[in-house]
Undergrad: 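Can you read through this structure? Questions will come right after.
Along the sequence shown, residues carry numbers from 1. Owing to the predicted nature of the structure, the values given are computational and were not obtained by experimental measurement.
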Amino acid sequence: MLGYFTFVLHTHLPYVLHHGKWPFGSDWLSEATAECYIPILNALNNLDPKEVKIKISMDFSPILLEQLADPEFPETFTSYCDEKIKLAESDHTYFGKNNEKHFQPLALFWKEYYTDAKQRFQNDYNSDLVSAFKKLSGKGILDAMTCGATHGYFPLLLDDRNIRAQIQLAIATHEKYFGKAPRGIWLPECAYRPRYWWSPQFGSGTMENFRKERAGIEEIISEFGLEYFVVEGSLTKGGKAMPSYHQLMQSVQHKHIGSLEWQKFLFQTAENKDRSLADIYGVKSTLRDLPGKIPVVFSRDRKTSEQVWSGDIGYPGDPNYLDFHKKHHNSGLRYWKVTGAKIDIGAKEQYDPQATEANLFRQSEHFVSIVKNTLVEHFMQTGKPGVVCSPFDTELFGHWWFEGPGFLEKVLEKMSNDSDIKLSNCAEIVNNIPNPETIALPEGSWGEGGGHYVWLNKNVAWTWKEIYSLEKQFLESIKEYKKILKPSKFLTEILDQAARELLLLESSDWQFLITTESAADYSTKRFQKHAKRLEKLLKISDRLMGGKAKKDEDDDDKVYLKKISVDDKPFAEIDLNWWA
């Protein structure tokens with residue numbers, strides 16, 4: 001055996017239920033379900049009866065699990081499919097009347113597609129996709145990982161208590177739906193920060209003097225028993241081998257630990273060309289003992305990733321595949337193929353679903369060959385099995401690349417039949433490769449430029465000012481709340497809802513969608529809505545704890561709480577101790 005291969009699919013959407021429908025809102029969730037989650041479940045279940053020994057890692061963000069398990073979602077999704085079926089029927093009639101009968105078979109294709117998605121959802125998966133994934137986890141096929149509760153951007157949150165709350169809620173939600181604790185975590189945006197003295201770049205008043213030593217992200221995930229995570233390969237290449245205490249004493253005086261010199265020693269970002277991305281590593285940014293195991297990091301493989309991500313050489317750009325951008329004015333359904341990289345949208349040719357199979361077969365073989373070549377090269381250089389980790393957003397397979405689930409199925413089947421490659425998942429690999437070399441990673445993410453730019457730039461700086469101010473106020477309120485021996489039920493409910501609003505406010509999706517201009521207006525309004533709700537809830541809690549609440553105010557506050565709880569109701573099992 002030359003080594004291991006694993007896909008890691010990052011499965012996440014922001015909280016969109018009860019916050020609009022189209023173009024931004026619940027249709028996002030339904031769209032991802034029809035185009036990604038159900039087709040991927042189909043692919044994994046198609047291989048299972050064939051006794052193909054498949055394994056895969058997928059993380060599920062807790063906020064996505066809460067939406068998929070929401071009692072209202074089955075009706076939301078079936079209504080979405082019914083709408084798409086009617087639109088396809090309308091297109092079929094339209095094409096017949098407008099001398100475009102050559103498009104009618106495709107209209108029927110879409111009608112059948114959404115009819116099948118609806119039937120699979122209701123019959124095969126009992127309108128419960130979370131349980132369908134849980135079943136695969138129980139069979140050992142799926143390594144189900146977790147993620148930050150609402151996808152908060154860990155390195156930039158004001159206080160480590162907020163990161164701990166995101167992780168503790170993530171573990172609790174995962175246990176609720178999968179029946180066991182997760183072993184691995186997907187860091188939102190693959191964003192990592194080592195231990196160092198940190199201060200926020202934005203804020204006012206006392207915030208400008210806020211500076212403290214922050215724990216490395218690996219310390220916090222170790223604290224809660226999580227064993228592994230994934231980073232962009234450039235961070236691994238830029239990492240510094242972590243010295244033993246004896247080695248440190250020979251090179252750096254003890255008094256310099258924590259100083260600027262110490263940080264430079266640990267976190268130099270010059271690329272280490274000798275460090276292989278086909279190895280796993282322990283991660284540690286402090287000489288202190290970690291609370292639990294030293295977490296293991298998997299590095300994003302560059303060669304396999306670009307085959308799927310690259311707009312120039314990636315498989316999704318194949319001329320025969322369904323074009324993502326061109327949609328019919330009557331329905332929004334897609335009837336055209338990519339045709340060519342430089343082809344004007346008006347010159348796109350008609351899509352033929354039957355013309356894609358040969359290309360998927362060829363590209364899946366090519367993908368497997370890249371993995372094998374990487375493992376051969378690593379084995380020749382090191383004499384030991386390597387690890388190729390290919391992480392992607394789950395929504396890439398089916399939504400952005402319509403044929404993606406078919407590609408995934410073919411790769412998994414081919415890989416499982418290759419005696420040189422061990423098709424695996426992160427959990428199994430960590431079990432089989434104990435005590436890897438420990439390194440210290442620099443700060444970064446898998447975003448543009450490898451840093452925080454997408455989530456920290458002039459267009460979104462205002463969001464961090466809001467977040468930091470409200471985070472600080474919330475933590476102060478929790479501190480006062482914990483001093484009360486017998487807090488009222490209403491006060492606890494107010495702060496529980498304030499915690500939900502803070503968690504929703506912390507979602508990194510808002511900055512991403514504003515920066516990329518994907519849904520800037522929607523994201524801005526959503527952010528502001530959660531900020532205003534949190535601010536009002538904190539004012540109510542202050543009145544209640546100060547004994548200044550009046551009867552009429554108390555009644556109005558209860559009406560307000562009931563009203564916003566209809567919209568923002570994930571995470572029934574909030575525990576305020578997570579922020580204490």
Side-chain angles (χ1 to χ4, degrees), residues 61-63 146-174 185 187-189 191-203 205-226 229 285-286 288 290-292 295 443 455 463-484 487 491-492 494-508 530-531 534-535 537-538 541-542 545 570-571 573-580:
S61 72
I63 195 64
T146 190
C147 181
T150 56
H151 217 258
Y153 198 85
F154 289 176
L156 298 183
L157 294 181
L158 180 67
D159 191 288
D160 288 346
R161 283 172 287 181
N162 295 300
I163 302 174
R164 288 187 170 92
Q166 286 264 347
I167 291 175
Q168 289 179 91
L169 177 54
I171 292 171
T173 306
H174 194 92
I185 183 170
L187 302 184
E189 317 297 359
Y192 171 81
R193 185 203 66 219
R195 171 177 282 273
Y196 65 92
W197 284 86
W198 182 92
S199 59
Q201 295 191 33
F202 305 104
T206 58
M207 197 70 70
E208 293 172 356
N209 301 318
F210 185 99
R211 185 172 183 268
K212 63 168 63 176
E213 187 176 11
R214 301 289 296 274
I217 301 298
E218 83 284 355
E219 297 177 63
I220 301 175
I221 67 175
S222 171
E223 180 181 339
F224 298 109
L226 294 165
F229 61 100
S285 60
T286 174
R288 305 170 186 176
L290 298 190
E443 190 162 347
W455 301 274
T463 66
W464 290 106
K465 294 178 183 179
E466 286 275 355
I467 290 172
Y468 291 159
S469 175
L470 289 168
E471 276 189 64
K472 188 170 181 287
Q473 291 176 53
F474 178 79
L475 293 173
E476 289 172 349
S477 295
I478 294 298
K479 183 178 179 180
E480 294 303 310
Y481 170 79
K482 296 305 293 182
K483 294 178 182 178
I484 304 173
L491 173 59
T492 301
I494 286 289
L495 286 174
D496 282 351
Q497 190 61 37
R500 293 185 186 94
E501 299 299 339
L502 175 62
L503 288 161
L504 293 171
L505 186 74
E506 289 173 340
S507 169
S508 69
H530 295 303
L534 175 54
E535 186 175 13
L537 289 167
L538 291 175
S541 71
D542 286 347
M545 287 190 287
F571 309 127
E573 298 82 10
I574 286 283
D575 186 343
L576 296 176
N577 288 313
W578 293 332
W579 287 270

Undergrad: What distance do Trp578 atom CH2 and Leu503 atom CG have between them, rounded to the nearest 0.5 Å?
TA: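 Rounded to the nearest 0.5 Å, the CH2-CG separation comes out at 9.0 Å.
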Undergrad: Would you call Phe154 and Glu189 a side-chain contact if the rule is heavy atoms closer than 4.5 Å?
TA: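 In short, these two side chains do not touch, never coming nearer than 4.5 Å.
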Undergrad: Hydrogens and angles aside, do Ser477 and Gln473 bring a side-chain donor and acceptor to less than 3.5 Å of each other?
TA: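 Absent: no donor and acceptor within the cut-off.
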Undergrad: Using the test side chain to side chain donor-acceptor pair (under 3.5 Å), find all partners of Glu219 that sit at least two apart in sequence or belong to another chain.
TA: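 Glu219 satisfies side chain to side chain donor-acceptor pair (under 3.5 Å) with Arg195 only.
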Undergrad: Specify the closest pair of heavy atoms between Cys147 and Ala170, including all atoms of both residues, with the distance to one decimal.
TA: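 Answer, listing the atom of Cys147 first, then Ala170: O-CB, 3.0 Å.
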Undergrad: Would you call the rings of Trp198 and Tyr468 parallel, tilted or perpendicular if under 30° counts as parallel and over 60° as perpendicular?
TA: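 Perpendicular: the ring planes of Trp198 and Tyr468 meet at over 60°.
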Undergrad: Would you check if Asp496 and Arg500 make a side-chain contact, meaning some heavy-atom pair closer than 4.5 Å?
TA: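 Yes, side chains in contact.
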Undergrad: Restricting to non-hydrogen atoms, name the atom on Ile220 and the atom on Ala215 that form the minimum distance, rounded to 0.1 Å.
TA: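 Heavy-atom minimum between the residues: CG1-CB, 4.1 Å.
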Undergrad: Taking the side chain as everything from C-beta on, heavy atoms only, tell me whether Ile467 gets closer than 4.5 Å to Leu505.
TA: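 In short, these two side chains touch, coming nearer than 4.5 Å.
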Undergrad: Under a 4.0 Å N-O cut-off, is there an ion pair linking Lys212 with Asp159?
TA: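 A salt bridge links Lys212 with Asp159.
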Undergrad: Determine whether Pro188 and Trp455 make a side-chain contact, defined as any pair of heavy atoms from C-beta on separated by less than 4.5 Å.
TA: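 Result no, sub-4.5 Å side-chain heavy-atom pair not found.
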Undergrad: Considering only heavy atoms from C-beta outward, does the side chain of Thr150 approach that of Pro62 to under 4.5 Å?
TA: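 No. Closest side-chain heavy atoms not under 4.5 Å.
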Undergrad: With side chains defined as the heavy atoms from C-beta onward, is the minimum distance between Pro295 and Ile217 less than 4.5 Å?
TA: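 Not touching, per the 4.5 Å side-chain cut-off.
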Undergrad: Are any side-chain N or O atoms of Asn162 and backbone N or O atoms of Glu471, one a donor and one an acceptor, separated by less than 3.5 Å?
TA: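 Checking the backbone N and O of Glu471 against the side chain of Asn162, no donor-acceptor pair under 3.5 Å is found.
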Undergrad: Any idea which heavy atoms bring Ala149 and Gln166 closest together, and the distance?
TA: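 That would be N-OE1, 2.9 Å.
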Undergrad: Which heavy-atom pair separates Ala499 from Ile574 by the least distance, and what is that distance?
TA: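 Heavy atoms of Ala499 and Ile574 come nearest at CB-CG2, 4.1 Å.
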Undergrad: Regarding Glu476 and Lys479, does a basic nitrogen lie under 4.0 Å from an acidic carboxylate oxygen?
TA: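 Answer for the salt bridge query: no.
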Undergrad: Do the non-hydrogen side-chain atoms of Ile484 and Leu491 ever get within less than 4.5 Å of each other?
TA: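 Yes, their side chains come closer than 4.5 Å.
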Undergrad: Can you find a heavy atom in the side chain of Ile163 that is under 4.5 Å from one in the side chain of Asp160?
TA: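 In contact.
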Undergrad: Are the charged groups of Glu443 and Arg214 less than 4.0 angstrom apart, N to O?
TA: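 Looking at Glu443 and Arg214, the cut-off is not met.
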Undergrad: To check you understand the geometry: which heavy-atom pair defines the closest contact between Arg193 and Glu218, and what is its length?
TA: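 Distance-wise, the nearest heavy atoms are O-OE1, 4.5 Å.
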